[in-house]
Amino acid sequence: MPEMSMETIILGVAALVLGLLVGILVGRALRKKFAESKIGSAEREAKRLLEEAAKAAETKKKETLLEAKEEILRQRNEAEHELKERRNEITRTERRLTQKEDNIDKKADALDRKNETLEKKLKEADVVKEEIAGVLEQQKKRLEQIAGISAEDARAELMQQVESEMTHEIAQRMDELEAQFKEDADEKAKNYIALAIQRCAADHVAETTISVVQIPSEDMKGRIIGREGRNIQKLETLTGVELIIDDTPEAITLSGFDPVRREIARLSLEKLIADGRIHPTRIEETVEKSTKEVETAIKQAGERATFEVGIHGLNPELVRLLGRLRYRTSYGQNVLKHSIEVAFIAGMLADELGEDSTVARRAGLLHDIGKAFPHDVEGSHVQIGVNVAKKYRESREVVHAIEAHHGDVEAKSVIAIIVQAADAISAARPGARREDLENYIKRLEKLEEIAKSFDGVEKAYAIQAGREIRVMVKPEDVNDDGMKIIAHDMAKKIKEEVKYPGQIKINIIRESRAVDYAK
C-alpha cells in the first residue's frame, strides 16, 4: 500500500474532527428543539387542566348554592307549618278556657242562688225552732203538773237509773275485756315465761351471815385462841370477822356481815388448822395469802359470769364487782347466780318480743351490781348500782333498767320492763328465796288492811302465804256487778302500795242467807 502523505493525514483528521463538531452541534440543536416542543405541550396541558378545574368548581358551586337554597326553603316551610300548628293549639286552648270560665260563672251564679235559698230556709228554721221551743216549754210545764215532779228531780232520777245501767254495762265490759285479754295475753305470757324458765338452769345455794369451820379435835380450839387470846385477836383484827368458839363439838363459827371477809377468814382458818403452826406471824402470812386467793377467785367468778351470759366489753372493775356477788345472798338466794339467771331470762324474753337480747342480758346481769358494796356504803343498792353503771359508762338503757328494776322510777323502755319481769321470775320461784317472818307478817297485815278499806267489805283474810286474799262483802251493800269493780280497784291499789313476789289472787265472795226458826 502506497504511503500517504502527511498533509493527507492531517486533512483527513481535520475533516473527521470537523464532522464530529458538526454532529455535536446538530445533536444539541435537535435536543433543544425537542425539549422546547415538550415544554410547550406540558404548558398547554396544564392550561387545559386548569380551565377544566375552574369549570368544575364553578359547576359545583352552583350545585351547592342550589342545594342550600332548597334546604333553607324546606326548613322555612317546616317552621311555618309548626308555627301554624301551635297557633291552632293556642286557639283551641283559649277556646276551652273561655268555655270553662263561662261554666264557672254559671256555677257561681247557681251557688249564689242556692245560698240565698239556704239563708231563707235557715231563717224559716229559726222561726220554727223558736215555735218548737215554746211548744216544748209548754209541754214540759204541763208534764210537770201532771207528774207532780220537777225537771230537776226527773233529771236526778234519770241519772240514777243511767248510772245503775252503766255500772252493769261497765262490769260486763270489764268481763269481756278481761276474758279477751286473758285469752291472748295469758297464753303468750305462759309460753314466754315457761320457755325462759325451762331453758335456764341456774343453781341456788342458801347462804347466811355465818360460816362454820370443822376442826379435827377439841384441842385445836385452845391453839386457835392462843396464849391470852393473842391468836384469835390477831385473826379477828386482820379479817374483821368474829370467831365464835363455844361448846359446839369440833366446829368454830365465823360471824360477819361482809361475805368476802368471812370467806377470807374461813380460808385462813382452814389453812392454819391444816398446817398446825398457829401464831401471830403465821396468821398474818396466811391471811395475806388467803386475801390474794379470794381476790383471784372474785375476778375469775366475774369473768365466768360474763362468759356464761355472753356479755363482752365490761369494765374490769364491773367484772370484779360481779365476782363479789358470789359471796352475797339476798333472802337466802345467791346474788351472782340470781343475776346470771335474770340475764338469761331477760335475754330469752327479749328474743320473744323482738328486742335487743344483748342489751337485755347486760342489764339483767348488772341489775343488782349495787349489792357488791359493803353494808356501810350509803344509799340503796339500786342507787349505788346506777352510780356505778354511770361511772363506768354503761349505756342509758342499761342504767335505766338498773334504776327501774324495783319500781323506784317508772319504766320507760321495753328493756327495763323485761328486766323487772325477769327479776320477779327469778326471785318468786318456789325455793329461790326466803323471807324473814317480820316482813312476811307485815305484808299479810297490809293486804288485809287494804282489802278492808273498801266500802261494803265485811271481812278479809290473806291466805296461801299471801298469794291470795279472800274478801267477804255485804250482800245488801254490794251487788254482783259491784264485786267486779271492787276486785279491779283492789288489785290496782295492792300493786301501788305493796311489794311482793309473784302475783296475788283477789277472791271476792258475796253470799246471801235467809234464816228462820220453826217453833
Side-chain angles (χ1 to χ4, degrees), residues 4 7-126 312-313 350-359 395-397 412-415:
M4 290 183 176
E7 291 180 0
T8 302
I9 296 170
I10 292 171
L11 289 174
V13 170
L16 179 62
V17 170
L18 183 61
L20 288 172
L21 289 173
V22 173
I24 291 169
L25 292 174
V26 173
R28 286 183 177 177
L30 291 174
R31 285 198 297 270
K32 181 177 180 182
K33 188 176 182 179
F34 178 77
E36 290 176 353
S37 175
K38 193 171 182 180
I39 290 170
S41 299
E43 288 178 351
R44 288 191 298 272
E45 182 67 20
K47 187 176 181 180
R48 184 183 63 79
L49 292 174
L50 287 174
E51 291 176 354
E52 291 179 356
K55 291 180 181 179
E58 186 67 22
T59 304
K60 187 67 176 178
K61 180 180 177 181
K62 291 180 180 179
E63 292 177 354
T64 303
L65 289 174
L66 182 61
E67 291 176 356
K69 289 179 180 179
E70 292 177 353
E71 180 66 20
I72 291 170
L73 181 61
R74 185 182 63 78
Q75 291 182 358
R76 181 182 297 173
N77 292 335
E78 289 180 357
E80 290 177 353
H81 179 72
E82 184 178 357
L83 181 61
K84 185 177 180 180
E85 289 293 330
R86 289 185 179 180
R87 286 176 179 173
N88 293 336
E89 181 66 25
I90 291 171
T91 303
R92 290 193 293 271
T93 304
E94 288 178 351
R95 191 180 298 113
R96 287 196 297 270
L97 289 175
T98 303
Q99 292 177 354
K100 287 183 179 179
E101 288 178 357
D102 295 339
N103 293 334
I104 290 172
D105 292 339
K106 291 179 181 178
K107 289 181 180 179
D109 294 339
L111 286 174
D112 291 338
R113 290 193 295 272
K114 287 183 179 179
N115 286 333
E116 293 175 358
T117 304
L118 183 61
E119 288 178 358
K120 292 180 182 179
K121 289 184 178 180
L122 287 174
K123 292 179 181 178
E124 294 175 357
D126 290 338
H312 307 289
D351 284 333
E352 294 295 335
L353 297 174
E355 295 294 325
D356 191 337
S357 61
T358 302
V359 176
S395 65
R396 290 184 179 180
E397 284 188 311
K412 297 180 180 180
S413 67
V414 179
I415 296 295

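Note that this is a predicted model, so its numbers are computed, not measured.
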[X]/[Y] ion pair, N-O < 4.0 Å:
| X | Y | answer |
| --- | --- | --- |
| Glu51 | Arg48 | no |
| Lys123 | Glu119 | no |
| Lys120 | Glu124 | no |

In Å and rounded to the nearest 0.5 Å, what is the [atom1] to [atom2] distance from [X] to [Y]?
| X | Y | atom1 | atom2 | answer |
| --- | --- | --- | --- | --- |
| Leu66 | Lys61 | CG | NZ | 14.0 Å |
| Ile104 | Asp109 | CD1 | CG | 12.0 Å |
| Lys114 | Lys121 | NZ | NZ | 10.5 Å |

Glu89 vs Arg92, test: salt bridge (charged side-chain N to carboxylate O under 4.0 Å, His left out). Steps then yes/no. CA-CA 5 Å; Glu89 181 66 25; Arg92 290 193 293 271; 2.5 Å; yes

So, Thr98 versus Arg95: side-chain donor-acceptor pair below 3.5 Å or not?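 Their side chains do not contain a donor-acceptor pair, so the 3.5 Å distance test is not met.
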
Which atoms form the tightest heavy-atom contact between Ser357 and Asp351, and what is the distance? CB-OD1, 3.1 Å

Specify the closest pair of heavy atoms between Asp356 and Ile415, including all atoms of both residues, with the distance to one decimal. O-CD1, 3.8 Å

Counting heavy atoms not belonging to Arg28, are there more than 12 under 6.0 Å from its CZ?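 For Arg28, atom CZ is not crowded (no more than 12 foreign heavy atoms under 6.0 Å).
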
Contact between [X] and [Y] at the side-chain level, heavy atoms closer than 4.5 Å - yes or no?
| X | Y | result |
| --- | --- | --- |
| Glu80 | Leu83 | no |
| Ile72 | Arg76 | yes |
| Leu73 | Lys69 | no |
| Arg96 | Thr93 | yes |

Among Lys38, Arg44, Glu43, the one residue meeting side chain to side chain contact (heavy atoms under 4.5 Å, CB included) with Ser41: Arg44

